[in-house]
Amino acid sequence: MFGSGWNETDVPDLDGVTAVVTGANSGIGYEATRTLADHGATVVMGCRSVSRGADAVSSIRDATPSGTLDVRELDLADLDSVASFATVVNEAYDGLDLLVNNAGVMAIPYEETADGFEYQVGVNHVGHFALTGRLLEGLRAGAGVPGSAADARGPSRVVTVSSALHERGDTDFDAVEGGDGVANDYDRWTAYGRSKLANLFFAYELDRRLATAGASVRSFACHPGYADTNLQARGPEADGSRVKRLAMRAANALFAQPAAAGALPTVYAATAPDLSGGEFVGPGGLFGMRGAPEVTESNELSLDREAATELWERSEAWTGVAYDLPEAR
Ligand SMILES: NC(=O)c1ccc[n+]([C@@H]2O[C@H](COP(=O)([O-])OP(=O)(O)OC[C@H]3O[C@@H](n4cnc5c(N)ncnc54)[C@H](OP(=O)(O)O)[C@@H]3O)[C@@H](O)[C@H]2O)c1
């Protein structure tokens, strides 16, 4: 037995909890959505394809009749789409209790978002930065997720899904801004690592700012270890490489844990009552790649507050979304 032994049966009753999950139609997002719904939550599924979202709803409905599922269009590679999604959600729901920043792409060829950002950091970090800022008021108005006392609700939560590959990331924030120079120097794994390091800078800095503000919202980070999802196929697909695609599939079959197990750190960060804010949750087993979730550690660079502040300020400028939060103490 690895890690805490915590599993889906330990998730508290989520009746009355309203959650938003990005990338909810596939992999970790799909499994997290299924689990949250199975425990009674209402889940707004932010999907870039509404039809793939609807397919996911029918499949979740085969697994559980519980919870309410609401598919809404969200393309994190387009800040106008992020703004429209947030408007729709803010109008439809009086308060939000949970936001899971999960959607992501990995190691794809160079591309830019609609707003000109390098695509991996653009989707994985910039889009989620804008989304969280636009949903913050709703989260502050939420009743929160169940707390440690059986009859009490704790703070609302923002959970951002990072990766063990944050260790490959750097603080070259100029490279986020795209353009010919960035395209020429592009290394797809460095860009992915940069996006996942940015997820950690954001999650930790958000928690510090929320705590300084005394807000009834806290922020957490997590990573799924190595889980068998569609993530690994995207790069080879974009390259049109059948050989690389088959190699990725074979590696997944041999070494990855199922997507449902990979979603447990996300669900733990979203619902476990013994967390207070700012923790990083990952699988507790073999090399942090599989097993039951537990609080773990990210690398030294991810804890650099100066870099986190710089990324925060640049993200506000990039997105035009200014958070109503004081600088962290
Ligand atoms: N699987 C792993 O081993 C692993 C390891 C470390 C970290 N992670 C992280 O886990 C998260 C979930 O990935 P996954 O493994 O579940 O991969 P996945 O099965 O490929 O799911 C990714 C989700 O993100 C969505 N997405 C991609 N681009 C988007 C965009 N522009 N706007 C909105 N949604 C978009 C995808 O939508 P479509 O279905 O429409 O493409 C899909 O729903 C990612 O943040 C990833 O970095 C995964």
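Every number for a ligand or one of its atoms is a count from 1 in the order of the listing. Please read these numbers as outputs of a predicted model, since none were measured by experiment.
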Visitor: Side-chain heavy atoms under 4.5 angstrom apart, residues restricted to Ile, Leu, Val, Met, Phe, Trp, Tyr: same cluster for F280 and F202?
Guide: no
Visitor: Is the closest basic N to carboxylate O distance between R208 and E327 below 4.0 Å?
Guide: no
Visitor: How does Q232 reach ligand 1, if at all, at less than 4.0 Å between non-hydrogen atoms: by side chain, backbone, both, or neither?
Guide: side chain
Visitor: Salt bridge or not between R72 and D70? Use side-chain N to carboxylate O under 4.0 Å.
Guide: yes
Visitor: Taking side chain to side chain donor-acceptor pair (under 3.5 Å) as the test, write out the residues that go with S163, two or more places apart.
Guide: none
Visitor: Any non-hydrogen atom of R52 lying under 4.0 Å from ligand 1?
Guide: yes
Visitor: Does Y119 reach ligand 1, in the sense of a heavy atom lying below 4.0 Å from it?
Guide: yes
Visitor: Using heavy atoms and a 4.0 Å limit, tell me yes or no: is G225 in contact with ligand 1?
Guide: yes
Visitor: Classify the contact between V105 and ligand 1 as side chain, backbone, both or neither, using a heavy-atom distance cut-off of under 4.0 Å.
Guide: side chain
Visitor: Side chain or backbone of F85 under 4.0 Å from ligand 1, or both, or neither, by non-hydrogen atoms?
Guide: neither
Visitor: Quick check on N25 - does any of its heavy atoms sit under 4.0 Å from an atom of ligand 1?
Guide: yes
Visitor: Test your reading of the structure: does D75 have an N or O sitting under 3.5 Å from an N or O of ligand 1?
Guide: yes
Visitor: So, N101 versus T132: side-chain donor-acceptor pair below 3.5 Å or not?
Guide: yes
Visitor: Using ring centroids (six-membered ring only for Trp), state whether F201 and F129 fall under 6.0 Å.
Guide: no
Visitor: Can you find an N/O atom of N230 closer than 3.5 Å to an N/O atom of ligand 1?
Guide: yes
Visitor: Strictly under 4.0 Å, does any heavy atom of P224 approach an atom of ligand 1?
Guide: yes
Visitor: Enumerate the atoms of ligand 1 whose separation from the nearest heavy atom of Y226 is less than 4.0 angstrom.
Guide: 3 (O)
Visitor: Closer than 4.0 angstrom: is that true for some heavy atom of S162 and an atom of ligand 1?
Guide: yes
Visitor: Backbone, side chain, both or neither: what part of L74 comes under 4.0 angstrom of ligand 1, heavy atoms only?
Guide: backbone
Visitor: Determine whether any heavy atom of Y192 lies closer than 4.0 Å to an atom of ligand 1.
Guide: yes
Visitor: Show the atoms of ligand 1 that are less than 4.0 angstrom away from any heavy atom in G23.
Guide: 23 (C), 24 (O), 25 (C), 43 (O)
Visitor: For ligand 1, note which part of I28 has a heavy atom under 4.0 Å away: side chain, backbone, both or neither.
Guide: both
Visitor: Can you confirm if the NZ or CZ of R290 lies within 45° of the ring axis of Y226 and under 6.0 Å from the centre of its six-membered ring?
Guide: no
Visitor: Given A164, S26, G27, which one has a non-hydrogen atom that is nearest to atom 18 (P) of ligand 1?
Guide: S26
Visitor: Taking atom 26 (N) of ligand 1 as the point of reference, which of G46, A103, A32 owns the nearest heavy atom?
Guide: A103
Visitor: Does any N/O atom on L231 come nearer than 3.5 Å to any N/O atom on ligand 1?
Guide: yes
Visitor: Please indicate whether any nitrogen or oxygen in A24 is less than 3.5 Å from any nitrogen or oxygen in ligand 1.
Guide: no
Visitor: Tell me the contacting part of R234 for ligand 1: side chain, backbone, both, or neither, using a 4.0 Å heavy-atom threshold, strictly below.
Guide: side chain
Visitor: Which option out of A256, A77, A227 puts a heavy atom nearest to atom 3 (O) of ligand 1?
Guide: A227
